[in-house]
*Asks:* 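Would you mind keeping the following structure in view while I ask a few things?
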Number of protein chains: 2
Amino acid sequence: MSRAASIKDVANHAQVAVGTVSNVLNNPDRVSSRTKERVLKAIDELGFVRNDAARQLRAGHSRTIGVVVLDVGNPFFTSLVRAAEDAAAVNGSAVLLGDSGHDVARESHYIDLFEEQRVQGLLLSPVGDIGDRLDALRQRGVPTVLVDRLADEDRYSSVSVDDDAGGYLAARHLLDLGRRKLAFVGGPLSIRQVADRLGGARRAVTEADGATLEFLDSNGQTVLAGRGVGNSLVERSRGELPDGIFCANDLLALGVMQSLTMMHDVRIPDDVALIGYDDIDFAVSAVVPLSSIRQPTEAIGRTAIELLSEELDAQHPRHRAVVFTPELVVRQSTAGAAAPAVLTPVP
Amino acid sequence: MSRAASIKDVANHAQVAVGTVSNVLNNPDRVSSRTKERVLKAIDELGFVRNDAARQLRAGHSRTIGVVVLDVGNPFFTSLVRAAEDAAAVNGSAVLLGDSGHDVARESHYIDLFEEQRVQGLLLSPVGDIGDRLDALRQRGVPTVLVDRLADEDRYSSVSVDDDAGGYLAARHLLDLGRRKLAFVGGPLSIRQVADRLGGARRAVTEADGATLEFLDSNGQTVLAGRGVGNSLVERSRGELPDGIFCANDLLALGVMQSLTMMHDVRIPDDVALIGYDDIDFAVSAVVPLSSIRQPTEAIGRTAIELLSEELDAQHPRHRAVVFTPELVVRQSTAGAAAPAVLTPVP
DNA sequence: TCGTAACAATGAAACGATTCAAAGCGGAAG
DNA sequence: CTTCCGCTTTGAATCGTTTCATTGTTACGA
């Protein structure tokens, strides 16, 4: 298996100059079909494969884009990356994927790696605050687009989702069903996403006649945390239960559902309407299929690549912050809900 | 932002030869500390970043390993890749990740891409049969280790998990609890994993006194498919229900659990002991925490890198096929199970 | 027959890091 | 004073591709 064949070997084998081989690969119309054929035959016979290192050394930049996400296991990011890959492929670029796992060191490691690879640009869902790092990168010609994080438009382009709007959407849906005694499950509020979703829900409740919103701190976003909240809820007398519950994510909602419907017999959606957030795969498969808020992950990925292209094209790039509004997905956990007789639904 | 600084710029700025700068980076002990200091200062001031393309062009190979998996969203692969990354990092190699999404074209695309990048080797969980492709790759000096697929040791190294053993383990566990009327849920049997797991279960049942195994074709491995099987089961009279159910994966098991415990009142594990396969995150969070079979993903990833290193080192490499045995994880869905009074547990 | 336009093919130079034989430099020994 | 040794430093050559100015070829009209 000696050494990989180079363009020079191909040239010798096909009895042409190296430049001609290169042209066959990059500017096929400049080459007569007779020669082209001979060259392609030689390529095939020698099993020649382009050496991308040499190509990009000459070109001065690669045809790759670096993407660093917080957690590849999270379907939100998986789907986002998939969309980014597809969008990048249209421009003939490939994606290098890095998983920071919420770890600053890993994140930094990938940024270094990608910079050594001379990626055209970076898509980054940052772990912490790395403004300085990004400034230095841009200085050296590596533009970065922040993903899933709203950024100051004067400094960066970013693509994010409006969690406040999502919270509003969820609460408003419950209110539209005639529910008035709402509860929000989530926490701690130090997590921005959670706080924003709660904020949006509060806004919706303020707008509605005689509606209340109770905050139930779950201190974690897992199924178990949700079940814990559910269990403490059912200790109340029936009359004091909320008639609509909005959970900061689907895992919490599934936990609440388990607790209410299986371990106690509160009916969903009849007694309590329930809605989650994220629309994970399991939402459809729950005993009572779960209503949820879906984030437009494909659009986010596509847009991120778009913004990156803009930064690459423009000489003096202006940054843009694109904010997406999430979408309501109605399923049985709220859909079958009849409004409690006493209250009139909001028009 | 003109042009990225090169080693030559650093050399000028620090008043030394390019070779010296290179030595500072790669053989620091050959350089006097005075010069080293000057060079490092220059690197810092110019914001110099190594151009990996040039480095690997000279070296003839990169320091990366390509990994192509069937589905990055699948926790099995996520965890495997993470382990492979860590193992590769020990040798100073980085991992390029590609997601074929069970698509032959995507798979092929990534293999091409990685070969152009001159990866040292490939870890591949193949979509179909690509023996020829791999032979050609090896011819050109790119060794490949197959992952999650047993391969002929004469031709490839591979790391896989013994699904037959896993099936045996699950069924044996149910039998050890005293259950005798077992059912296997899964299908279609054209999926090798499913067939193997069923095969292992059959073997265990054959060994046990008076035990029977019924095959219930779910025709799919989803929660809904599992619920479907559950629903058809409960139409039987109570006496005809199996007392132990083994599902080909956890999703099916969760579906069966939903159907039996929530929609009808079969008690788990008292009436029916239930065990799944894969040990997904949700297994712990089920209403009745689900027993399952766990695959040693970290070990698989680590071993795959090890085998690849062996292939890289050896002149005339002998291939190895490493097969891991999965592990039983006992939770409440089988643990609390009392053996039916009539039957004596197998010793 | 000659000139010239159109088209093909050529091959040297450039990209940036690494390598390595050779040169430079002090200091110690003879 | 010369020689030699060990330690630093030097800089040309190299990797494989692309680019582009140059050369070669063909065909056609004058």
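Please read all numbers here as calculations on a predicted model, not as lab measurements.
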*Asks:* Write down the distance between CD (A/Gln56) and P (C/dA14), rounded to a whole number of angstrom.
*Replies:* 21 Å

*Asks:* Between B/Thr20 and D/dT8, is there a side-chain N or O to OP1/OP2 distance below 4.0 Å?
*Replies:* no

*Asks:* What is the distance, rounded to the nearest whole Å, between atom CG of A/Leu25 and atom C1' of D/dT19?
*Replies:* 14 Å

*Asks:* Send over the distance from B/Lys8 NZ to C/dT18 C1', rounded to a whole Å.
*Replies:* 14 Å

*Asks:* Map B/Asn51 and A/Val31 onto DNA chain C by nearest heavy atom, then report which one ends up closer to the 5' terminus.
*Replies:* A/Val31

*Asks:* Regarding A/Ser157 and A/Glu310, do their side chains bring together a donor and an acceptor under 3.5 Å, going by distance alone?
*Replies:* no

*Asks:* Check every strand shown and say whether B/Gly60 touches a base, only sugar-phosphate, or nothing at a heavy-atom separation below 4.0 Å.
*Replies:* nothing

*Asks:* Hey, does the side-chain of A/Arg58 have a donor or acceptor N/O within less than 3.5 Å of a partner on the base of D/dT17?
*Replies:* no

*Asks:* Considering residues at least two apart in sequence or located in another chain, which fulfil the salt bridge (charged side-chain N to carboxylate O under 4.0 Å, His left out) criterion with A/Asp135?
*Replies:* A/Arg138, A/Arg155

*Asks:* Scan side-chain atoms only and decide if B/Asp278 and B/Gln295 contain a donor-acceptor pair under the 3.5 Å cut-off.
*Replies:* yes

*Asks:* Looking across every strand, which nucleic acid part, if any, lies under 4.0 Å from B/Asp52 by heavy atom: base, sugar-phosphate, or nothing?
*Replies:* nothing

*Asks:* Using a cut-off of less than 4.0 Å, is there contact between a side-chain N or O of A/Arg50 and OP1 or OP2 of D/dT18?
*Replies:* yes

*Asks:* Should A/Arg106 and B/Glu85 count as side-chain neighbours, where that means a heavy-atom distance under 4.5 Å?
*Replies:* yes

*Asks:* Which whole-number value in Å describes the distance from A/Asn23 CG to D/dG16 P?
*Replies:* 20 Å

*Asks:* Looking at B/Arg55, does any N or O in its side chain come under 4.0 Å of the phosphate oxygens OP1/OP2 on C/dT18?
*Replies:* yes

*Asks:* Write down the distance between CD1 (A/Ile7) and P (D/dC15), rounded to a whole number of angstrom.
*Replies:* 15 Å

*Asks:* How is B/Val16 classified with respect to the nucleic acid when contacts are heavy atoms under 4.0 Å: base, sugar-phosphate, or nothing?
*Replies:* sugar-phosphate

*Asks:* If you assign each of B/Arg118 and B/Val18 to its closest nucleotide in DNA chain D, which residue comes earlier from the 5' end?
*Replies:* B/Val18

*Asks:* Can you check the A/His61 NE2 to D/dT18 P distance for me, whole Å?
*Replies:* 12 Å

*Asks:* Between B/Ala53 and A/Leu57, which heavy-atom pair has the shortest distance, and what is it?
*Replies:* CB-N, 4.1 Å

*Asks:* Looking at A/Glu45 and A/Lys41, is there a salt bridge between them, counting it only when a charged N and a carboxylate O are closer than 4.0 Å?
*Replies:* yes

*Asks:* Looking at A/Ser22, I'd like to know whether one of its side-chain N or O atoms comes within less than 4.0 Å of OP1 or OP2 on D/dT18.
*Replies:* yes

*Asks:* To the nearest 10 degrees, how far apart in direction are the end axes of the helix from C/dT1-D/dA30 to C/dG30-D/dC1, each fit to five base pairs?
*Replies:* 70°

*Asks:* Just so I know, are the side chains of A/Val68 and A/Leu123 near enough to count as touching, which here means a heavy-atom distance under 4.5 Å?
*Replies:* no

*Asks:* Write down the distance between CG (B/Asn27) and C1' (D/dT9), rounded to a whole number of angstrom.
*Replies:* 13 Å

*Asks:* State, to 0.1 Å, how close A/Arg302 and A/Ala83 come at their nearest heavy-atom pair, and which atoms those are.
*Replies:* N-CB, 4.3 Å

*Asks:* Which of these nucleotides, D/dT8, C/dA13, C/dT10, is closest to any side-chain atom of B/Thr35?
*Replies:* D/dT8

*Asks:* From CG of B/Asp9 over to C1' of C/dA17, roughly how many Å is that when rounded to an integer?
*Replies:* 13 Å

